[in-house]
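Presented below is the structure to which this report refers.
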Amino acid sequence: MPEKRIPPGQSFREDLIVYDIASVPPLKLEDFRLRLFGQVRNPQDLSWEDLQKLPRLQVRADFHCVEGWGVPDLLWEGVPASAILYLVQPEPAVQWVLAHGRDGYTTNLPFPYFARPDTILAFSLNGEPLPWEHGWPLRLIVPSLYAYKSAKYLVALEFSAELKRGYWEERGYHDVGDIWREERRR
Ligand SMILES: Nc1nc2c(c(=O)[nH]1)N[C@H]1C(S)=C(S)[C@@H](COP(=O)(O)O)O[C@H]1N2
Ligand SMILES: [Mo]
């Protein structure tokens with residue numbers, strides 16, 4: 001356990017609070033595609049079946065919303081971001097990853113945080129398939145950043161050299177959002 005378990009200005013509660021900017025259209029798993037595009041050598045669309053063939057990783061982590069609440073010790077399972085990077089081969093100039101949700105949500109992540117070993121594309125929470133309201137069937141989990149970076153209902157990752165701001169970032173939230181540096185607003 002790290003020396004300081006709770007980041008500055010945060011306090012723990014028992015359950016996640018669901019935040020959605022919009023309602024989410026239904027989806028059949030056979031129609032699921034994860035679009036990987038932008039400044040990469042190998043842009044591609046992954047089906048649900050393709051995703052299941054990739055390496056898997058379990059990550060136990062606390063989850064911190066920028067509004068001050070956190071939930072300790074959630075167990076996520078999914079595909080590590082490193083496996084995605086290996087597939088697409090980003091160009092050296094890439095500095096940002098824009099994650100897109102099926103609800104129209106977007107969020108920009110600094111490339112070095114996306115590339116961290118604890119960043120995963122999660123399809124399971126606490127041993128169960130990801131619940132609908134927590135991003136079914138796939139969401140990003142980036143424990144090092146506030147939860148608005150952990151895009152639910154993930155359908156695309158866009159790699160770019162230039163900053164394109166996401167939904168909350170356009171509205172004043174921090175482009176990085178590091179929980180230990182308390183980067184809440186810019
Ligand atoms: N697609 C999508 N992802 C999203 C959001 C959203 O509105 N749409 N809200 C974000 C915010 S602000 C938070 S705090 C977390 C909440 O995750 P939860 O709903 O699983 O508790 O999801 C993040 N990811
Ligand atoms: Mo949030």
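The figures here come from the full heavy-atom set of this structure, side chains too, leaving out hydrogens, waters and symmetry mates. This structure is a prediction, so every number in the text was calculated from the model and none was measured.
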task: Please step through side-chain contact (heavy atoms from CB on, under 4.5 Å) for the pair Phe159 and Leu98, ending with a clear verdict.
output: CA-CA 7 Å; Phe159 296 82; Leu98 190 66; over 6 Å; no

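- When the ring pair (Phe, Tyr, Trp, His ring centres under 6.0 Å) test is applied to Phe32, the partners found at least two apart in sequence or on another chain are Trp48.
- With a 6.0 Å radius and a threshold of 12 heavy atoms from other residues, nucleotides or ligands, Arg184 has its CZ atom above the threshold.
- No side-chain donor-acceptor contact under 3.5 Å links Glu169 and His174.
- A donor atom on one side chain and an acceptor atom on the other are not found under 3.5 Å apart for Gln95 and Ser160.
- Tested against Phe114 for a side chain to side chain contact (heavy atoms under 4.5 Å, CB included), the candidates Val94, Asn108, Leu157 yield a single pass: Leu157.
- Clustering ILVMFWY residues whenever any of their side-chain heavy atoms sit less than 4.5 angstrom apart, transitively, puts Trp168 in the very cluster that holds Ile179.
- Counted within 6.0 Å of CZ on Arg181, heavy atoms from surrounding residues, nucleotides or ligands total 12 or fewer; the atom is thus considered open.
- The nearest pair of heavy atoms linking Ser47 to Arg33 is CB-NH1, 3.9 Å.
- Screening Asp178, Thr119, Asp118 against Tyr113 for a side chain to side chain contact (heavy atoms under 4.5 Å, CB included) leaves a single residue, Asp178.
- Within the structure, salt bridge (charged side-chain N to carboxylate O under 4.0 Å, His left out) pairs that include any residue of residues 89-102 do not occur (at least two apart or interchain).
- A heavy-atom distance below 4.5 Å is not found between the side chains of Pro137 and Phe123.
- Centroid-to-centroid, the aromatic rings of Tyr173 and Tyr148 come within less than 6.0 Å.
- Asp45 places none of its side-chain heavy atoms less than 4.5 Å from the side chain of Leu34.
- Side-chain contact check for Ser144 versus Trp180: every heavy-atom pair is 4.5 Å or farther apart.
- Scanning both residues, Pro25 and Ser23, for their nearest heavy atoms gives CD-O, 3.8 Å.
- Ala99 and Ala151 get closest at one heavy-atom pair: CB-CB, 3.9 Å.
- Between the Arg139 side chain and the His134 main chain, a donor and an acceptor come within less than 3.5 Å of each other.
- Judged by distance alone, with hydrogens and angles left aside, the side-chain atoms of Arg13 form a donor-acceptor pair with the main-chain N or O of Asp15 at under 3.5 Å.
- Hydrophobic clustering of Ile, Leu, Val, Met, Phe, Trp and Tyr side chains at less than 4.5 Å, counting indirect connections, unites Leu121 with Leu109.
- Between Arg185 and Val66 the shortest side-chain heavy-atom distance does not fall below 4.5 Å.
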- request: Any chance you could lay out the side-chain contact (heavy atoms from CB on, under 4.5 Å) test for Gln39 and Glu162, step after step, and finish with the verdict?
  value: CA-CA 10 Å; Gln39 289 174 257; Glu162 293 81 37; 4.1 Å; yes

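- Residues Leu85 and Pro90 are in side-chain contact: their nearest non-hydrogen atoms beyond the backbone lie under 4.5 Å apart.
- Partners of Ile6 by side chain to side chain contact (heavy atoms under 4.5 Å, CB included), not counting sequence neighbours, listed by chain and number: Gln10, Phe12.
- Of the possible polar contacts, one joining the Thr106 side chain to the Tyr167 backbone as a donor-acceptor pair under 3.5 Å is found.
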Residues Thr107, Lys149; criterion side-chain contact (heavy atoms from CB on, under 4.5 Å); working and verdict: CA-CA 6 Å; Thr107 183; Lys149 304 290 185 177; 3.4 Å; yes

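- For the pair Arg56 (side chain) and Gly78 (backbone), a donor-acceptor distance under 3.5 Å is absent.
- Between Phe37 and Ala156 the shortest heavy-atom distance is CE2-CB, 3.9 Å.
- Under a 4.5 Å side-chain heavy-atom criterion applied to ILVMFWY residues, the cluster that includes Trp69 comprises Leu16, Ile17, Tyr19, Leu57, Val59, Phe63, Val71, Leu74, Trp76, Ile120, Leu125, Leu130, Ile141 as well.
- With sequence neighbours left out, the ring pair (Phe, Tyr, Trp, His ring centres under 6.0 Å) criterion links Trp136 to Trp132.
- Here the CD1 atom belonging to Ile84 is positioned 12.0 Å from the CD atom belonging to Gln89, to the nearest 0.5 angstrom.
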- request: For Leu138 and Val155, run side-chain contact (heavy atoms from CB on, under 4.5 Å): C-alpha distance rounded to whole Å, both residues' side-chain angles, the deciding distance at 0.1 Å, then the answer.
  value: CA-CA 8 Å; Leu138 188 74; Val155 289; over 6 Å; no

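- In this structure, Asp103 does not pair ionically with Lys152, as no charged nitrogen and carboxylate oxygen lie closer than 4.0 Å.
- For CD of Glu30, the number of neighbouring non-hydrogen atoms (other residues, nucleotides, ligands) closer than 6.0 Å is greater than 12.
- Crowding of Arg171 atom CZ: a count of heavy atoms from other residues, nucleotides or ligands under 6.0 Å exceeding 12.
- A distance of 13.5 Å separates CD in Glu158 from CH2 in Trp96, rounded to the nearest 0.5 Å.
- Tyr153 places none of its side-chain heavy atoms less than 4.5 Å from the side chain of Leu27.
- The hydrophobic cluster of Val18 has no other members, since no ILVMFWY side-chain heavy atom comes under 4.5 Å of it.
- For the pair Leu154/His100, no side-chain contact is recorded, criterion being any heavy-atom separation below 4.5 Å from C-beta on.
- Note that the CG atom of Asp62 and the NE2 atom of His64 stand 4.5 Å from one another [nearest 0.5 Å].
- Residues Leu87 and Asn42 share a closest heavy-atom pair of O-ND2, 3.2 Å.
- Contact check for Leu75 versus Gln58: side-chain heavy atoms found under the 4.5 Å cut-off.
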